[in-house]
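Have a look at the structure below, then the notes.
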Amino acid sequence: MAKSAADRVSLRGGVYYYIRRVPTHLTALDTRTIVRISLHTGDLKKALPAAVVAEQELELLWSTLKAQGSLDAWTRYRATMERARLEGFVYRPADEVAGLRVSEILRRLESLAGREADPSAVHAIAGGPDRPDITIKAALKLYKNFVASELVGKRDDQVRRWNNARDLAVAEFVACLGEDKAIGELTRDDGRKFRDLWLGRVRTEGYGRNAMNKQISHLSRMLSVVNEEMKLGLDPIFTGLSVKEIKVERPPFSRKFVEETILAPGALAGLNLDARVALLVCAETGMGAEEVTSLRADTIHLDAPIPFVAVVAREGAEQKTEYRPRQIPLVGVALEAMKLRPAGIERYYDKNASLSAVVNKFMRDNNLMPSQRHSLYSFRHSFQDRLTQVEAPDRLQAELMGHKYVREKYGKGPDLAQKRRWLDKIAYAIPEGFAVHQA
């Protein structure tokens, strides 16, 4: 049976170590024979998870050593830094090692005794080449690896948009500078040059300040993370270059406008049925586009005594806040619409941005928006207003909206029957002749 990380933990002098023999097929790459990594604790409960991390890092190092021939310069450099750390040293280029205190130099040389045939160890401990240049585009690749854990829990569409935003920021920064400069050569003037490019767009091309700030933020964080991970000692070049944002408040739709304009017979006929169903569910229930596109057959309960949908946190999805998961009874147009898509809105599964774009364009093109500030998300504001107008209890409002309840919570809270009674009070009147499936 294969050993686990816990099997390789040993107590030495009051401190736990992760101890492992170098596999035979790797002895030409790692000549240590036995690897000992201090877990820096005498507490077994703390040592066991630390051992798992140590094992992962060690195996990553070995896989990197095997692939050295195919790695580019900056990846080899990082592998060398990691090897030095696992050996118990801070990596220094050869010229810096030569300038260390004699005792430190001797400590490094003693650790290499009998391991002269292990070039990766020699480079890591006695010093290798100087740090290679990392260009802006190369920094983006590094950054994505460094922050990969932040994308865990995001849906495919969210990951795609995350990547696209940062790819675009880097592409525009490189185009602005006219070259893919090494990040170690970037200056404050480069940051100002990019800022000035965007200021021109904001003033003359109709771009928003928020778009400018997002790109500056993406670039600033990318450089900061790479700088920290690679110990580059770079100065920030974008600090203070963003501009004050203008928060756009989405106004609500009035009940009169929804019932007389949006729900008028034939008003939504030109919108594809999946988007039409989503729009009506959002309008009646206050759900956001991200929530309605996450619905599946197992969260849509049309045959229950009280039909409802469950907004749940599922693997591969990410809720906007910890309070959003909830159960919402289906009433009015939402119930009629959901009957046409009992397994969820397949065309827009986890594609909330696509849904919003389609719905918003259709509504604007067909005079279904009272103003340019309105959007699909405005239905959520309308839902809150409708609950307030009928003086629904605060806790019920919070649970239907998916907001945090600011008072101490006791008991289970309102059940589906209670929720439905209040939703029935605020349900939109369905005009005569209106049909969800109307083509």
Side-chain angles (χ1 to χ4, degrees), residues 1-94 96-98 100-132 142 145-146 148-149 228-232:
M1 180 181 295
K3 287 186 176 182
S4 67
D7 297 326
R8 297 187 170 107
V9 172
S10 179
L11 186 64
R12 301 285 181 91
V15 176
Y16 283 100
Y17 286 79
Y18 173 86
I19 301 176
R20 185 171 179 180
R21 180 178 293 275
V22 177
T24 303
H25 68 284
L26 292 173
T27 54
L29 301 172
D30 190 339
T31 60
R32 285 178 286 181
T33 307
I34 301 294
V35 177
R36 293 181 176 84
I37 301 174
S38 174
L39 302 178
H40 305 290
T41 181
D43 185 338
L44 183 59
K45 290 184 178 180
K46 294 180 180 179
L48 293 178
V52 173
V53 174
E55 182 167 85
Q56 291 172 341
E57 293 177 338
L58 181 62
E59 292 180 350
L60 175 61
L61 170 65
W62 284 338
S63 66
T64 301
L65 291 176
K66 289 191 292 184
Q68 281 281 10
S70 62
L71 297 178
D72 52 25
W74 53 261
T75 304
R76 287 196 296 272
Y77 178 78
R78 185 162 183 261
T80 302
M81 289 178 62
E82 183 65 10
R83 176 67 183 270
R85 190 182 71 79
L86 290 175
E87 294 273 5
F89 297 93
V90 174
Y91 174 75
R92 307 286 186 193
E96 291 187 20
V97 171
L100 294 173
R101 294 165 56 181
V102 174
S103 59
E104 174 62 14
I105 295 175
L106 290 176
R107 188 172 76 91
R108 289 175 178 250
L109 294 178
E110 288 171 358
S111 73
L112 289 172
R115 302 166 61 192
E116 293 80 4
D118 184 351
S120 66
V122 173
H123 288 159
I125 298 172
D130 290 338
R131 181 174 59 235
L142 282 171
N145 286 331
F146 292 147
S149 62
E228 175 62 26
E229 291 285 343
M230 301 294 289
K231 309 302 180 187
L232 303 178

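These numbers come from a predicted model, not from an experiment. Hydrogens, waters and symmetry mates are skipped; everything else that's a heavy atom, side chains included, is used.
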Exceeds 12 heavy-atom contacts within 6.0 angstrom, atom CD of Glu104: yes
Within-4.5 Å side-chain heavy-atom neighbours: [X] and [Y]:
X: Glu59; Y: Arg20; result: yes
X: Arg12; Y: Ile19; result: yes
X: Glu55; Y: Val53; result: no
X: Thr33; Y: Val22; result: no
X: Val15; Y: Thr41; result: no
X: Arg21; Y: Pro23; result: no
X: Leu39; Y: Tyr18; result: yes

Shortest non-hydrogen contact from [X] toward [Y]:
X: Ala84; Y: Ala124; value: CB-O, 3.4 Å
X: Glu87; Y: Ala121; value: OE2-CB, 4.4 Å
X: Asp7; Y: Lys3; value: OD2-CA, 3.6 Å

Residues which pass side-chain contact (heavy atoms from CB on, under 4.5 Å) with Ile105, listed by chain and number, not counting sequence neighbours: Leu100, Leu109
By side-chain contact (heavy atoms from CB on, under 4.5 Å) - contacts of Gln56 (at least two apart): Val52
Arg85: side-chain hydrogen bond (donor to acceptor under 3.5 Å, both in side chains) partners, not counting sequence neighbours: Glu57, Glu82
Derivation of the salt bridge (Lys or Arg N to Asp or Glu O under 4.0 Å) call for Arg107 and Glu110: CA-CA 5 Å; Arg107 188 172 76 91; Glu110 288 171 358; over 6 Å; no
Any donor-acceptor N/O pair, Asn145 side chain to Leu142 backbone, under 3.5 Å: no
Gap separating the OH atom of Tyr16 from the NZ atom of Lys46, nearest 0.5 angstrom: 12.5 Å
